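The shown structure was predicted, so the numbers you read here are calculated from the model rather than taken from an experiment. Chain A is the first sequence line, chain B the second, and so forth, proteins listed ahead of strands; every chain is numbered from 1.
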Amino acid sequence: MLKLENIEKFYRSGLQKSWVLKDVSVNVEQGEFVTIMGPSGSGKTTLLNIIGMLDESNSGSYHFLDEAVHTFKERRRTDIHKHYIGFVFQAYHLIDELTVYENIETPLLYRNVKSKDRKAIVADILDRFNMVAKKDLFPSQLSGGQQQLVGVARAIIGKPKLLLADEPTGNLHTKQGEMIMELFKSLHDDGMTIIQVTHSEKNAQYGTRILQLMDGFVRADEQVSQQTTIVS
Amino acid sequence: MFYNYIKIAFRSLMKQRGLTAINILGLSIGLACFCMFTLYAIHEFSFDKFHKDADQLYRVYRWTEDLDGEGVEGDTHLPMPLGTSFASDFPDVEQMVRWKSAWGESFVRVNDRVSRIEVSHVDQPFFEMFNFPIIYGDSEQPLSDPKNVVLTEEIAFQLFGEENPTGKTIEIQFEENFESFTISAVAKNIPTNSSRSFQILGSMDYFASTTYGKRRMNSWNSSFLGVFVKLRKGSGLATNAAELLKFRRKYYPNQEAEIREAGFWDGEGAPVTYKMQPITQMHTEASMPGGDVPSINPRNIWTLLLIAAGVLLIAIINFTTLSIGRSAGRAKEVGVRKVMGSTRMHLAIQFLTEAILLSILSTIVALVLVSVLLPYFNQLSDRSLAFSFSQFPQLGWIVVCLTIITGLLAGSYPALLLSRFRPTQVFRNSIKLGGSNMFTKTLVTSQFVLSSGLVIATLVVLSQINFMQSKNPGFEKENIIIVDAEETDSREIYPRFKKLLSSIPEIKQVAASEIGLGEGNGYSRSGFEYMGSIKQIYEYYVDDDYLTLMNIPLLAGRGFEVERQDGANRSVIVNESMLTDFGWTLSDAVGQVLTGYSNEGNDPVVIGVVKDFHYRPFRELVKPQMFHQFEDYTPFKYFVKINAGDPTQALSKLEQSWTSIVPDYPFKYSFLDDDLNRFYRSEKRFSSIISWAGGISIFLACLGLMGLAALTAVNRRKEIGIRKVLGDDVFGIVGLLSKDFIKLVLIALVIASPLSWYLMNNWLESFAYRISFQWWIFVVAGIGAILIAFITISVQSIKAALINPIESLRNE
Ligand SMILES: Nc1ncnc2c1ncn2[C@@H]1O[C@H](COP(=O)(O)OP(=O)(O)O)[C@@H](O)[C@H]1O
Ligand SMILES: [Mg+2]
């Protein structure tokens with residue numbers, strides 16, 4: 001589904017370059033559930049942003065569904081966002097001025113979905129996430145777990161092929177975190193490709209594959225065995 | 001989608017009520033100002049356009065080239081036969097109306113009650129040519145009978161109350177006698193945007209039958225009435241200089257040769273000809289000295305509009321800077337939306353929608369403000385404007401466009417800025433804004449350049465006015481009452497009145513003059529050839545007590561005391577400027593003869609010299625001037641000097657004496673210093689308008705500053721918290737937050753001072769006597785601006801400084 005080759009990323013501070021990603025090559029197939037792990041500052045978010053086309057690498061090539069992303073114009077990148085990628089953030093990043101319903105609905109607005117269809121789709125997902133009663137509340141009236149639920153609902157409402165999640169449970173209690181991970185698992189079971197960043201070994205076990213990022217390189221890339229999942 | 005934009009716009013406006021209120025308040029004040037000034041401008045430019053075929057209507061005027069250094073001159077006062085000849089000589093003239101405006105007020109008697117009302121005379125087709133609708137009576141030809149008159153609604157109400165007066169009789173005094181006239185119609189009140197107006201309209205045929213009229217009916221040498229014509233559609237006569245000159249030459253066949261022979265004119269072409277002015281330009285062509293209607297220089301209208309636009313701009317800048325300041329708070333939303341597939345375009349439209357929504361709300365508030373403030377604005381502008389979409393339909397789309405443009409101007413930079421945010425930056429919190437980027441600084445500085453510039457201009461104008469009103473004009477102006485005896489048999493009344501007053505203790509002295517001093521009193525000037533050069537001399541016909549009453553010092557010779565006995569008219573007293581002009585000196589002036597002044601050979605002799613005094617406004621240099629004794633002239637204005645202090649006693653005694661001598665005529669008076677101060681009415685109007693504009697713009701600029709200070713305090717909350725933990729006190733923090741803003745105000749002052757001084761110096765140039773460079777103005781304006789700005793900012797900064805640091809640090 002996506003193919004990163006020799007990705008390099010650095011930031012300039014003054015005359016100095018500080019390298020974040022030195023040489024990263026990764027292949028992700030459709031239907032995988034990949035977990036990126038690594039110490040703080042190792043470039044996990046940076047990598048995820050590059051995959052999500054929010055950021056660009058300084059060199060290397062990136063193909064998404066066999067299209068060369070590094071040659072895209074802003075327009076095309078926005079298009080891909082719209083139609084193929086959903087994001088979930090550690091800090092939820094809901095829009096404070098919008099209700100739960102409106103937050104979830106927003107991506108559909110940018111996809112020019114008709115009003116009637118929008119209603120049906122949002123109602124569906126509210127139902128599925130058990131949030132119908134909360135649809136008219138504002139984010140500040142929800143618990144963190146509920147906010148993240150809305151964040152996930154919003155991310156998947158446009159039926160993306162790829163779901164990117166940057167420490168989705170980082171701000172949550174264990175219990176709420178588990179709920180989100182269960183949700184991811186069921187999404188994955190339905191065929192969605194997921195890439196998540198997490199610090200938690202336990203969360204990583206929900207996935208199918210773990211990438212260890214360190215000093216700008218992928219230090220380890222291993223499949224998660226079914227056994228381990230069951231054991232944990 | 002659009003509905004969604006509006007919804008979000010509403011919510012985010014509601015979320016920050018304080019800032020929204022500041023924005024709406026500021027914008028609506030700016031818009032209200034601009035609306036009123038626009039209304040004023042529309043009104044000024046709409047003058048005389050309400051006539052049916054306004055584009056075919058012209059007035060004829062005489063054009064005189066620069067004959068004797070007096071400058072070119074247009075004069076719309078023309079002789080009586082000219083109109084009729086003009087109409088019969090040019091087939092293009094479809095209709096012609098001569099319009100003799102009133103010379104002051106006439107006495108009008110209804111049921112034994114006498115009032116003073118202006119009476120004008122016009123030719124018959126008046127109501128066909130001009131669009132002054134008749135509401136009662138004969139609407140076709142109300143002036144077909146010479147003894148008919150037409151009243152305006154207002155005058156009809158004044159004389160007859162609510163009832164319809166058509167068919168009734170009124171008496172008007174002409175040449176000492178009251179004559180009866182029949183009211184044939186009542187016309188609707190004259191629209192405020194008509195250059196010419198009337199109160200009572202009589203027939204030109206009647207005027208021609210008076211002794212005065214008879215003498216001038218066929219005279220080409222007495223110019224006193226206006227000639228209006230309606231040209232055939234598509235006629236080129238108005239610009240056909242050759243035809244018009246031919247007409248002039250036909251009726252003044254020898255004049256050109258005479259002028260050339262006398263050496264007044266040796267230029268190419270004709271020295272005198274006729275021209276035609278479209279009546280739609282009567283109001284805005286200020287270059288017509290003999291225009292007979294108050295006109296306005298379009299430059300002044302544009303200046304006012306520019307000032308109003310400046311005020312609006314300040315309000316718009318508020319919106320922009322506050323939005324930028326707020327953008328840090330909106331950044332997250334932008335990031336999230338982008339991640340969810342929003343394009344920059346979507347975001348830009350969303351933020352513009354917000355700005356336009358705000359400007360729509362502000363427009364609504366502004367319209368309310370306008371309806372409340374318009375009466376005051378009318379006082380300022382000396383107009384009676386109504387914000388009426390039916391009178392000026394163009395106001396509708398102007399308001400709509402204004403709203404949209406304001407929204408776009410205010411919202412486009414913030415929209416551009418916000419929509420440019422990149423999600424990765426936003427989420428890393430690396431967006432640093434908060435009213436401190438270069439753009440915001442520039443905007444805030446320019447706000448203060450504009451507003452402090454206006455304040456400086458106001459101070460300059462005020463001190464010039466104060467200078468002119470308090471400068472000694474060279475004569476006594478306090479405690480002098482002018483009694484108006486025009487239209488009375490004043491030659492007979494004056495001595496009796498003077499005698500009666502001499503026994504009243506409150507009254508010190510009485511003198512008389514043919515014309516008063518000050519605004520609206522006109523002047524008389526005569527030109528003659530003295531020793532081969534043309535002289536223009538201002539003349540005042542006064543009695544022998546005038547100079548002493550007015551305290552005008554004699555420098556040489558004597559006053560008119562002797563002439564009182566022998567009644568001779570050959571003596572004149574001249575001023576110093578006339579000495580210089582004529583090449584005399586103080587020692588040889590007395591006894592000089594003004595050769596060439598009179599044709600009969602009895603030229604005046606100088607008997608005295610007075611110090612220059614300012615009989616004209618301080619705008620003008622003192623020009624050569626002289627005093628005469630009476631002969632043919634009538635003492636129309638009585639100068640009564642009263643004791644200093646409360647004038648009521650003296651006034652009531654004056655009135656008693658007046659009514660005991662002339663019971664039929666209303667007592668009319670004014671104070672000399674008021675008359676003189678009215679010279680400066682237009683300057684005062686200008687000063688009140690710009691001082692309001694200045695005050696409002698300072699207020700708006702500070703409003704913006706207040707918002708920015710509040711935002712800065714919010715954006716720097718964490719920093720403030722840390723500083724407090726480290727031991728900084730309230731003063732330190734207020735200083736920290738104010739420093740940057742005060743610096744901007746200072747920069748603004750440095751820019752505004754020379755700029756406004758330069759502009760105001762241009763304005764001052766038009767005054768012959770003016771204030772010199774006033775450094776205190778800049779100090780006052782500067783200290784004022786800084787103080788106001790500082791107070792505004794402090795309120796916000798103190799609030800921020802007092803917050804418990806734990807509060808502000810916890811959130812991060
Ligand atoms: N826009 C940026 N400018 C400068 N440095 C950055 C920027 N974005 C990230 N970095 C740096 O890159 C490194 C990796 O950041 P990040 O990808 O967020 O790490 P992680 O998510 O693994 O904790 C960090 O040292 C961070 O400071
Ligand atoms: Mg990270």
task: Against chain B, label A:Leu98 side chain, backbone, both or neither, depending on which of its atoms sit under 4.5 Å from a heavy atom there.
output: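 Contact with chain B is through both the backbone and side chain of A:Leu98.
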task: Give, as side chain, backbone, both or neither, the part of A:Ile85 having an atom under 4.5 angstrom from any heavy atom of chain B.
output: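 No part of A:Ile85 comes within 4.5 Å of chain B.
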- request: With sequence neighbours excluded, tell me which residues meet side-chain contact (heavy atoms from CB on, under 4.5 Å) with B:Ala355.
  value: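 Residues passing side-chain contact (heavy atoms from CB on, under 4.5 Å) with B:Ala355: B:Phe319.
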message: List the residues meeting side chain to side chain donor-acceptor pair (under 3.5 Å) with B:Thr363, not counting sequence neighbours, and say none if there are none.
response: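 For B:Thr363 the side chain to side chain donor-acceptor pair (under 3.5 Å) partners, ignoring immediate neighbours, are B:Thr403.
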task: For residues B:Val339 and A:Phe89, determine if any side-chain heavy atom of one lies less than 4.5 Å from a side-chain heavy atom of the other.
output: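 Heavy-atom side-chain distance check passes, below 4.5 Å.
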query: Residues two or more places apart in sequence or in another chain: which of them pass ring-ring contact (aromatic ring centres under 6.0 Å, His included) with B:Tyr413?
result: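 Partners of B:Tyr413 under the ring-ring contact (aromatic ring centres under 6.0 Å, His included) test: B:Phe439.
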What donor-acceptor contacts under 3.5 Å connect chain B and chain A, backbone and side chains included?
residue	atom	partner	partner atom	Å
B:Lys7	NZ	A:Glu102	OE2	2.9
B:Arg11	NH1	A:Glu97	O	2.9
B:Arg11	NH1	A:Glu102	OE1	2.4
B:Arg11	NH2	A:Glu102	OE1	3.3
B:Arg11	NH2	A:Glu102	OE2	2.9
B:Lys15	NZ	A:Glu97	OE2	3.0
B:Lys332	NZ	A:Leu94	O	3.1
B:Arg337	NH1	A:Tyr110	OH	2.8
B:Arg422	NH2	A:Leu54	O	3.4

